[in-house]
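As the structure is a prediction and not an experimental result, all values here were calculated from the model. Basis for what follows: all heavy atoms, side chains included, without hydrogens, waters or symmetry-related copies.
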Amino acid sequence: MKFAGAASFLLLAASAQTALGFSPVHSHAAASSISRTAFVPRSTAAGSSSVPRVSSPRASSSASRSAMSMYTVGVVGATGAVGKEIVGCLDKSSLSVERLRIFGSARSAGSVRKTETKFGDVEVELFDLDEARKCDVVFLAVSGDFSLEWAEKLAEGEDGAVVIDNSSAFRYDPDVPLVVPEINADACKTSKLIANPNCTTAIGLMALWPLHKLFKLKRVLMSTYQAASGAGQPGMDELWSETKAVVNGEKDRADHKVFAHPLPFNVIPHIDKFQENGYTKEEMKVTWETRKICGLPDDFPVSCTAVRIPTSRAHSESIVVETELPVDLDAARAALAEAPGVKLVDDTSKDQYPMPISATGQYDVEVGRVRKSLVFENGLEFFVSGDQLLRGAALNAVLVAEAMDKNGSLKEKVEA
């Protein structure tokens, strides 16, 4: 996948435990620290949003704007799993960096971060709201609590920054666009605060959207197979250390602290907190976010069962859809093959199909095992694998910024 446009980025990074009270996001691991209202659509919660809006885009071509604009961009939480991947995406993109600054806590201020990118070694400065607001765009790769406290303050006013938030804090606020650029990039035009979707939702929608455009989805059934890295570095460390302990004969059964049960040699049908309806928050995120991003009715049927599996990275999903229109396998495969951000891996005669091991580190989401459903007269079943730290988080966030550059809602600030 190619990045579009030219931009410059300023990085605001936080250490894992800071005096400012925020911690980097490790995929969706930080979700448990957010209040219950952050996980239900704001239409059902009390209160209204004060999200800063953006004015109408300038009537200039995206090509000339990209050639002239040199953006300052911040990343809060660049030491976490998602923040590091944001830096990596920028390093591999065609976006040019004018200035790089990393902001952190009082404890980390003054230290030097080795980014292992073209940005080189950067001295960490103390995070400051006024300094962050000087950025053209700020990525928040931190906990929902931090986003709830600072996101709107960063974006407010004509002189505020565009803010792209990776937490779940604002995903269900009706005034905050929840964006997958290949689907609803135009939603970015009306707000300076943009929410990045949950990783599971973002990966699945890359395959669902082209099929929806072709056959009109009627209902969606999803089962997920989610890697240990969804629980951050602690989750990966526990998987590796406990697997080694069992394999080396040090113990018969793995211990567990991060997960509800031992993960090595096991699968756990439990990700995030259980809700009153029997689903987990992780599962309900897929339902709520699919409806919002795709512009579907509030009662559109989407059901998900989320399962943690003992792999390190990349989530997989088995998806069954019923459609309004009759399905055609050749047309479905052609649509998936042509869809941006999707790689069709579907040749069972050669044992070629999506797998976490091949999707890891890749920008595109793999889709395969495409077949007509035996359950629905008009229906399809398929399998998806995607890197949740990239397509499900960092890459999507960077693409949001590029879409805003293209449509004119991201503008370079002019110093007085």
Side chain proximity check, I319 to V321, heavy atoms < 4.5 angstrom: yes

Is a salt bridge present between K372 and E377, judged by a nitrogen-to-oxygen distance below 4.0 Å? no

Going by atom types only, do S303 and Y279 share a side-chain donor-acceptor pair under 3.5 Å? yes

Would you say the side-chain atoms of R308 pair up with the backbone N or O of V267, donor to acceptor, closer than 3.5 Å? no

Minimum heavy-atom separation for R171 and N166, please, with both atom names. NH2-O, 3.1 Å

Using the side-chain contact (heavy atoms from CB on, under 4.5 Å) rule, take V180 and W209 through it: C-alpha gap first, then chi angles, then the decisive distance, then the call. CA-CA 10 Å; V180 172; W209 181 247; over 6 Å; no

Under 4.5 Å between any side-chain heavy atoms of T287 and R291, yes or no? yes

Which heavy atom in N184 sits nearest to a heavy atom in V179, and how many Å separate them? OD1-CA, 3.4 Å

For atom CG of L374, is the number of surrounding heavy atoms from other residues, nucleotides or ligands below 6.0 Å larger than 12? no

Taking the side chain from N248 and the backbone from E250, do they hold a donor-acceptor pair closer than 3.5 Å? no

Would you please say whether a donor-acceptor pair under 3.5 Å links the side chains of D145 and S143? no

Derivation of the side-chain contact (heavy atoms from CB on, under 4.5 Å) call for R253 and V246: CA-CA 6 Å; R253 179 184 173 91; V246 174; over 6 Å; no

Does the pair R133/D159 count as a salt bridge with the N-to-O cut at 4.0 Å? yes

Is there side-chain contact between F146 and V76, with heavy atoms separated by less than 4.5 Å? yes

Pair D272 + K285, salt bridge at N-O below 4.0 Å: yes

Could you tell me whether K251 and E242 make a salt bridge, using a distance below 4.0 angstrom between a side-chain N and a carboxylate O? yes

Steps toward side-chain contact (heavy atoms from CB on, under 4.5 Å) verdict (W240, S312): CA-CA 9 Å; W240 281 103; S312 292; 3.1 Å; yes

Check for a donor-acceptor pair, side chain of T201 on one end and backbone N or O of P197 on the other, with a separation under 3.5 Å. no

State, with a plain yes or no, whether a side-chain heavy atom of V247 is found less than 4.5 Å away from one of F265. yes

Under 3.5 Å donor-acceptor, N396 side chain and L390 backbone: no

Do V320 and R219 have side chains that get closer than 4.5 Å, going by heavy atoms? no

Under 6.0 Å from the CG atom of D252, do we count more than 12 heavy atoms belonging to anything else shown? no

Side chain to side chain donor-acceptor pair (under 3.5 Å) evaluation trace for T200 with Q388: CA-CA 7 Å; T200 310; Q388 86 281 7; over 6 Å; no

Can you establish whether the number of heavy atoms outside R369 located under 6.0 Å from its atom CZ is more than 12? no

Which of L217, L211, L214 passes side chain to side chain contact (heavy atoms under 4.5 Å, CB included) with T323? Answer is L217

Distance only, no hydrogens: is a donor on one side chain within 3.5 Å (strictly under) of an acceptor on the other, for T280 and E282? no

Checking H261 side chain against H256 main chain: does a donor-acceptor pair fall under 3.5 Å? no

Could you walk me through whether H315 and C199 pass the side-chain contact (heavy atoms from CB on, under 4.5 Å) check? CA-CA 8 Å; H315 294 346; C199 54; 3.7 Å; yes

For A393, does its backbone N or O pair with a side-chain atom of N196 as donor and acceptor, under 3.5 Å? yes

Using modelled atom types and a 3.5 Å cut-off, is there a donor and acceptor pairing between side-chain atoms of K192 and backbone atoms of G160? yes

Y172 versus E289, closest heavy-atom pair with distance: OH-OE2, 2.7 Å

After noting the C-alpha distance and the side-chain angles of E322 and K216, does the key distance pass the salt bridge (charged side-chain N to carboxylate O under 4.0 Å, His left out) rule? CA-CA 9 Å; E322 183 181 13; K216 304 301 180 187; over 6 Å; no

E116, CD: over 12 other non-hydrogen atoms inside 6.0 angstrom: no

With a 4.5 Å cut-off on side-chain heavy atoms, are V163 and I194 touching? no

Side-chain contact, heavy-atom cut-off 4.5 Å: P354 with F382? no

In terms of heavy-atom contacts, A403 and P181 come closest through CB-CB, 4.5 Å

I'd like to know if D387 pairs up with R313 as an ion pair, taking the criterion as any Lys NZ or Arg NE/NH1/NH2 lying under 4.0 Å from an Asp or Glu carboxylate oxygen. yes

Any side-chain donor near an acceptor of the partner, S385 and E366, under 3.5 Å: no

With a 3.5 Å distance limit and no angle check, can you tell me whether K343 reaches the backbone of D364 through a side-chain donor-acceptor pair? no

Tell me whether E324 contacts the main-chain N or O of K218 through its side chain, where contact means a donor paired with an acceptor under 3.5 Å. no

Could you tell me if the side chain of C188 sits less than 4.5 Å from the side chain of P177, heavy atoms only? no

For a quick test of reading the model, state the closest non-hydrogen atom pair linking L410 to D405 and the distance between them. CB-N, 3.8 Å

When every non-hydrogen atom of A314 is compared with those of A359, the smallest separation belongs to CB-CB, 4.4 Å

